[in-house]
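Read the structure below first, then the notes.
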Amino acid sequence: MSKLIFADIPMVFKSKMLYIIFGLSAFLGFSIVLISYPETETPEELLALLYYNSSNFINMLMPILFGGVSIILISKEFSSGVIRNKVTMGHSRRNIILSWTVIYSLTTLITFILFFSALWITAAAFGIDTSSINAANLITEHLIILIYVIKFQLFSIFMVCIYSDVKTTVICYLLNNLFILPFMIFSMSDEYDFIIRAGSRINLYAWAANGSGLFLTESDKPWLTILYSTGLGALYLVFANLYFSKKDLK
């Protein structure tokens, strides 16, 4: 599998689209602070709004950006016959999927680092005092977010193993992401607090919707979110392997 990874990394990182995503992610991290700053009067309010706005980005845009890269590049491998050549050369289909998992998890990690680095550096430039933030909570939050967005990356690999062509895969992938909309609507009312909190196991919107200005509270039980995202990501890989193992490579 290591040979596959080292052979595929140059191909993935030569894609102009990938660097557009990297640049867009850093720009959005910067923009979230820029947009939030005029709407607040105190550093505490700004910090709370940053969490709220970054939550929207993570739920609505990050899945699209991450999934878009892997769907398009892997679909090209199907249509150009690259995958068929890999199998002909003796690479197992399972190793091909694992190679995709490693490489696109790496691109997800880079995008994640660029976004939050730009956000926190810009926030510091605007004078936000982060000394009051619980460091353990902050590390836990970022770990959960990383696992959460990698789950979307694994789902995109699952989708492209089923459909192969870009158009169908993108449509099915986007339809799945519409699942978050009910939670966004419920978050606008205090009457649905239980639904929102339960939904935080599925998406991160509930963390910002509780109005505390922090993603994590004692009652959030972050390990449940980690367990859910990790378990679902593993299922995506299992089903991707099942579909790919029987797929006709034309």
Side-chain angles (χ1 to χ4, degrees), residues 13 17-70 104-154 156 177 180-181 183-184 187-188 196 199-217 220 222 225-226 229 233:
F13 279 84
M17 182 181 67
L18 182 61
Y19 292 97
I20 292 173
I21 297 300
F22 287 163
L24 182 59
S25 181
F27 175 76
L28 287 170
F30 164 79
S31 300
I32 285 174
V33 182
L34 206 62
I35 293 170
S36 304
Y37 185 75
E39 301 181 25
T40 59
E41 297 180 356
T42 66
E44 291 75 18
E45 289 180 359
L46 178 55
L47 187 61
L49 192 57
L50 280 181
Y51 275 105
Y52 183 82
N53 287 338
S54 59
S55 166
N56 289 335
F57 166 69
I58 290 165
N59 278 298
M60 298 174 65
L61 292 180
M62 270 195 173
I64 296 174
L65 296 180
F66 295 150
V69 172
S70 52
Y104 291 108
S105 293
L106 175 61
T107 63
T108 300
L109 175 62
I110 295 172
T111 307
F112 172 89
I113 292 172
L114 289 171
F115 171 75
F116 278 105
S117 296
L119 186 147
W120 289 116
I121 291 172
T122 308
F126 275 78
I128 294 180
D129 182 12
T130 58
S131 61
S132 61
I133 298 177
N134 185 298
N137 268 10
L138 189 65
I139 293 172
T140 304
E141 289 165 8
H142 284 64
L143 175 62
I144 292 175
I145 294 168
L146 179 60
I147 294 172
Y148 176 74
V149 293
I150 287 177
K151 177 194 69 177
F152 281 100
Q153 189 65 267
L154 298 179
S156 71
N177 292 332
I180 190 178
L181 289 179
F183 295 101
M184 294 178 65
S187 70
M188 299 176 185
I196 295 170
S200 70
R201 310 296 163 235
I202 303 170
N203 63 74
L204 303 181
Y205 198 83
W207 282 353
N210 62 24
S212 67
L214 293 173
F215 280 163
L216 293 178
T217 62
D220 272 333
T225 305
I226 293 176
S229 293

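Keep in mind that this is a model prediction, so the values were computed, not measured.
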**Asked** Is S156 reaching over with its side chain to a backbone N or O of Q153, donor-acceptor style, under 3.5 angstrom?
**Response** yes
Side-chain polar contacts of residues 21-34 - donor-acceptor pairs under 3.5 angstrom, sequence neighbours left out - could you list them?
from: S25; atom 1: OG; to: T111; atom 2: O; distance (Å): 3.0
from: S31; atom 1: OG; to: F27; atom 2: O; distance (Å): 2.8

**Message:** Once rounded to the nearest 0.5 Å, what's the spacing between atom CD1 of I147 and atom CG of L154?
**Reply:** 11.0 Å
**Message:** Measuring from atom CD1 of I110 to atom CZ of F13, what distance do you get when rounded to the nearest 0.5 angstrom?
**Reply:** 4.0 Å
**Message:** Just to verify, what does Y104 make a ring pair (Phe, Tyr, Trp, His ring centres under 6.0 Å) with, not counting sequence neighbours?
**Reply:** none
**Prompt:** Atom CG in L146, atom NZ in K151: separation rounded to 0.5 Å?
**Reply:** 12.5 Å
**Prompt:** If you look at every heavy atom in V69 and M17, which pair is closest and at what distance?
**Reply:** CA-CE, 3.4 Å
**Message:** Working to the nearest 0.5 angstrom, can you tell me the gap between L18 CG and S70 OG?
**Reply:** 10.5 Å
